Amino acid sequence: MDLSTLSYQKFVQFALEQTNLRTTLTPLPSQEKFKSLKANDNKSVLNAISFCAPKIKLLRSLTIEDSQSMLVLDFAAFSKPEYDAPIFCANAFTTPSRSIVVLDLNPLYDVTIHPDYKEKYYKKLMPLSEKYSELLPWGGKLTSESLKFFSPIVIWTTVASSQLVHDVLFSAFVDYFKAWLELIDEATDEKDESLVLLNREAQHKYLTWRAEKDPGYSILKKLFGETLAKDLVRQFLFDGVDSLGSKTFLDYFPEYRLENGTVNKKRSMVGKSYETRPWNSAGEFIAD
């Protein structure tokens, strides 16, 4: 597959245009800090943007494009903690041969433990996963350590790269982002400060997990060096991990503590693996 015919920029532009139709986006300082980064290979083009809005704490995008070897999209949007809305998440890594994709409205609260949250946000969205299940099929082995941060409508796939796949992925991105914007539009701010604090901690737990487990860190480290890569992860991609809360990764996930007190860096090590989609069309968890 010739990657020069593909780009994730139209995904980002669509999201910005749609958001600007509904609210006012304000650039964040992190955009200015990271937008002019130059890759060490002098080939990869990086584009970094970050905004906030009245109901949106952070809407940010990082794309990396090298027409010879890879295209990367890392897009996320978080509501302010006064709302318990899901987190929009779109991650895609495309090479000339394969495309690895995660697209979801990540739940703030584990939907297998909080059925009321699943009912509130996902019941009416279940047709989305059905719509794309054939062209973007379940990507295979996924452990429960990651599953707790996914919703019943998650698209997790690894498929051969093609123009068709890229077009289908754009269509899915459009549908999922519009659905997220609708949820934000409908969201009412929580008046109970204790519940706002729970939302804040849920976001911080998510950010802490993602900052520690980010699969793209090795690419960032190769392109920008270790120091800049860490800054990108903690101050841009998962901005808030150092400010929304004070708990550490091991506070939230003690099962990863090694005997020497450090974090076990192995991936996909905890819990059962799921080879097929573990939710049915009604969003019910059907795996053992």
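Residue numbers run from 1 in the order of the sequence given. Only heavy atoms go into these numbers, but all of them, side chains included; no hydrogens, no water, no symmetry mates. Small disclaimer: the values here were computed from a predicted structure and weren't measured.
In this structure, the side chains of Ser61 and Thr63 come closer than 4.5 Å at one or more pairs of heavy atoms. Side-chain atoms of Phe150 and Cys89, non-hydrogen and from C-beta on, never get closer than 4.5 Å to each other. Inter-residue side-chain proximity for Ile219 and Phe93 is flagged as met; some heavy-atom pair is nearer than 4.5 Å. Side-chain contact between Leu147 and Thr112: absent, with no pair of heavy atoms (C-beta onward) separated by less than 4.5 Å. Arg277 has its side chain within reach of Val154: a pair of non-hydrogen atoms, C-beta onward, lies under 4.5 Å apart. When side chains are defined from C-beta on, Phe238 counts as touching Asp214, because their heavy atoms get closer than 4.5 Å. Side-chain atoms of Arg210 and Ile87, non-hydrogen and from C-beta on, never get closer than 4.5 Å to each other. Taking the side chain as every heavy atom from C-beta outward, Val233 and Val241 never approach each other to under 4.5 Å.
Here the CG atom belonging to Leu46 is positioned 5.5 Å from the CD1 atom belonging to Ile64, to the nearest 0.5 angstrom.
In Glu134, the CD atom is not crowded: 12 or fewer heavy atoms of neighbouring residues, nucleotides or ligands sit closer than 6.0 Å. Residue Gln18 places its CD atom among more than 12 non-hydrogen atoms of other residues, nucleotides or ligands, all under 6.0 Å distant. Within a 6.0 Å sphere centred on NZ of Lys10, other residues, nucleotides and ligands contribute more than 12 heavy atoms.
Asp251 is linked by a salt bridge (charged side-chain N to carboxylate O under 4.0 Å, His left out) to nothing, counting only residues two or more places apart in sequence or in another chain. For Gln68, there are no side chain to side chain donor-acceptor pair (under 3.5 Å) partners at least two apart in sequence or on another chain. Annotation: ring-ring contact (aromatic ring centres under 6.0 Å, His included) contacts of Tyr132 (sequence neighbours excluded): none. Scored by the ring-ring contact (aromatic ring centres under 6.0 Å, His included) test, Tyr8 finds Phe11, His166 as partners (sequence neighbours excluded). Scanning for ring-ring contact (aromatic ring centres under 6.0 Å, His included) contacts around Phe224 gives an empty result, with sequence neighbours left out. Evaluation of the side chain to side chain donor-acceptor pair (under 3.5 Å) rule for Asn42 yields no partner, not counting sequence neighbours. Residues passing the ring-ring contact (aromatic ring centres under 6.0 Å, His included) test with Phe236 are Phe34, sequence neighbours excluded. Listed by chain and number, the residues in a side chain to side chain donor-acceptor pair (under 3.5 Å) with Thr262 are Asn260 (sequence neighbours excluded). Residues meeting the side chain to side chain donor-acceptor pair (under 3.5 Å) test with Arg60, sequence neighbours left out: Asp74. Under the rule for a side-chain contact (heavy atoms from CB on, under 4.5 Å), Glu259 has no partner lying at least two apart in sequence or in another chain.
Looking at Glu82, its side chain never comes within 3.5 Å of a backbone N or O of Asn199 through a donor-acceptor pair. Using a distance-only test at 3.5 Å, with no hydrogens or angles considered, a donor-acceptor pair links the side chain of Asn280 to the main chain of Glu284. Between the Trp138 side chain and the Ser133 main chain, no donor and acceptor come within less than 3.5 Å of each other. In terms of modelled atom types and a separation under 3.5 Å, the side chain of Asn40 and the main chain of Leu223 share a donor-acceptor contact. Of the possible polar contacts, one joining the Asn106 side chain to the Phe149 backbone as a donor-acceptor pair under 3.5 Å is found. Proximity of a side-chain donor or acceptor of His114 to a complementary backbone N or O of Tyr109 within less than 3.5 Å is not detected. Looking only at distances, no side-chain donor or acceptor of Thr208 sits under 3.5 Å from a matching main-chain atom of Phe249.
Counting all heavy atoms, side chain and backbone alike, Leu125 lies closest to Ala179 at CD2-CB, 3.9 Å. Taking both residues in full, the closest heavy atoms of Pro152 and Val111 are given as CD-CG2, 3.9 Å, listed atom of the first, atom of the second, then distance. Here the closest heavy-atom approach between residue Lys57 and residue Asp239 is recorded as NZ-O, 3.9 Å. Shown here for Ile184 and Ala85, the closest heavy-atom pair between the two residues is CD1-CB, 3.8 Å. Nearest approach of Ser30 to Gln235, heavy atoms of both residues: CB-O, 3.7 Å. The two atoms that bring Leu58 and Ser50 nearest to each other are CD1-CB, 4.2 Å, heavy atoms only.
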Practice task
Walk me through it: do Leu232 and Leu37 pass the test side-chain contact (heavy atoms from CB on, under 4.5 Å)?
Solution key: CA-CA 10 Å; Leu232 266 171; Leu37 280 183; 3.8 Å; yes
Exercise for the section: Would you check, one step at a time, whether the test ring-ring contact (aromatic ring centres under 6.0 Å, His included) holds for Trp209 with Tyr252? Expected result: CA-CA 9 Å; Trp209 170 267; Tyr252 287 125; over 10 Å; no
Exercise for the section: Before giving the answer on side-chain contact (heavy atoms from CB on, under 4.5 Å), spell out for His204 and Ser246 the whole-Å C-alpha distance, their side-chain angles and the decisive distance to 0.1 Å. Expected result: CA-CA 9 Å; His204 187 248; Ser246 58; over 6 Å; no
Exercise for the section: Please step through side-chain contact (heavy atoms from CB on, under 4.5 Å) for the pair Thr23 and Asp185, ending with a clear verdict. Expected result: CA-CA 9 Å; Thr23 189; Asp185 278 351; over 6 Å; no
Problem - Test log, rule side-chain contact (heavy atoms from CB on, under 4.5 Å), inputs Lys205 and Lys247 - result: CA-CA 8 Å; Lys205 182 178 182 180; Lys247 288 186 178 180; over 6 Å; no
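No close placement of the Phe88 and Tyr176 rings is indicated, their centers lying 6.0 Å or farther apart. The six-membered or imidazole ring of Phe177 lies near that of Trp180, with a centre-to-centre distance under 6.0 Å.
A single hydrophobic cluster is not seen to contain both Tyr206 and Tyr83; linkage of ILVMFWY side chains at heavy-atom distances under 4.5 Å, directly or through other members, places them apart. At a threshold of 4.5 Å between side-chain heavy atoms, the hydrophobic network of Ile, Leu, Val, Met, Phe, Trp and Tyr places Val196 and Ile56 in two separate groups. Leu244 and Leu197 fall into different hydrophobic clusters, defined by Ile, Leu, Val, Met, Phe, Trp and Tyr side-chain heavy atoms under 4.5 Å apart, directly or through other members. Linking Ile, Leu, Val, Met, Phe, Trp and Tyr whenever their side-chain heavy atoms come within less than 4.5 Å puts Tyr117 and Phe285 in one cluster. Residues Phe253 and Val263 share a single hydrophobic cluster, defined by chaining ILVMFWY side chains whose heavy atoms lie under 4.5 Å apart.
Remark: Lys230 engages Glu226 in a salt bridge, criterion side-chain N to carboxylate O under 4.0 Å. Contact check on Glu182 versus Arg22 returns a salt bridge, with a Lys/Arg side-chain nitrogen under 4.0 Å from an Asp/Glu carboxylate oxygen. In this structure, Lys191 pairs ionically with Asp189, as a charged nitrogen and a carboxylate oxygen lie closer than 4.0 Å.
For the pair Lys118 and Trp279, the cation does not sit on the ring face, since its NZ or CZ is not both under 6.0 Å from the ring centre and inside 45° of the axis.
Identified under the salt bridge (Lys or Arg N to Asp or Glu O under 4.0 Å) test for residues 83-109, with sequence neighbours left out: Asp84-Lys120. The salt bridge (Lys or Arg N to Asp or Glu O under 4.0 Å) pairs that include a residue from residues 39-55 are Lys43-Asp66, where partners are two or more places apart or lie in different chains.
A side-chain contact (heavy atoms from CB on, under 4.5 Å) with Val159 is found for one member of Leu169, Leu164, Val165 and no other, namely Val165.
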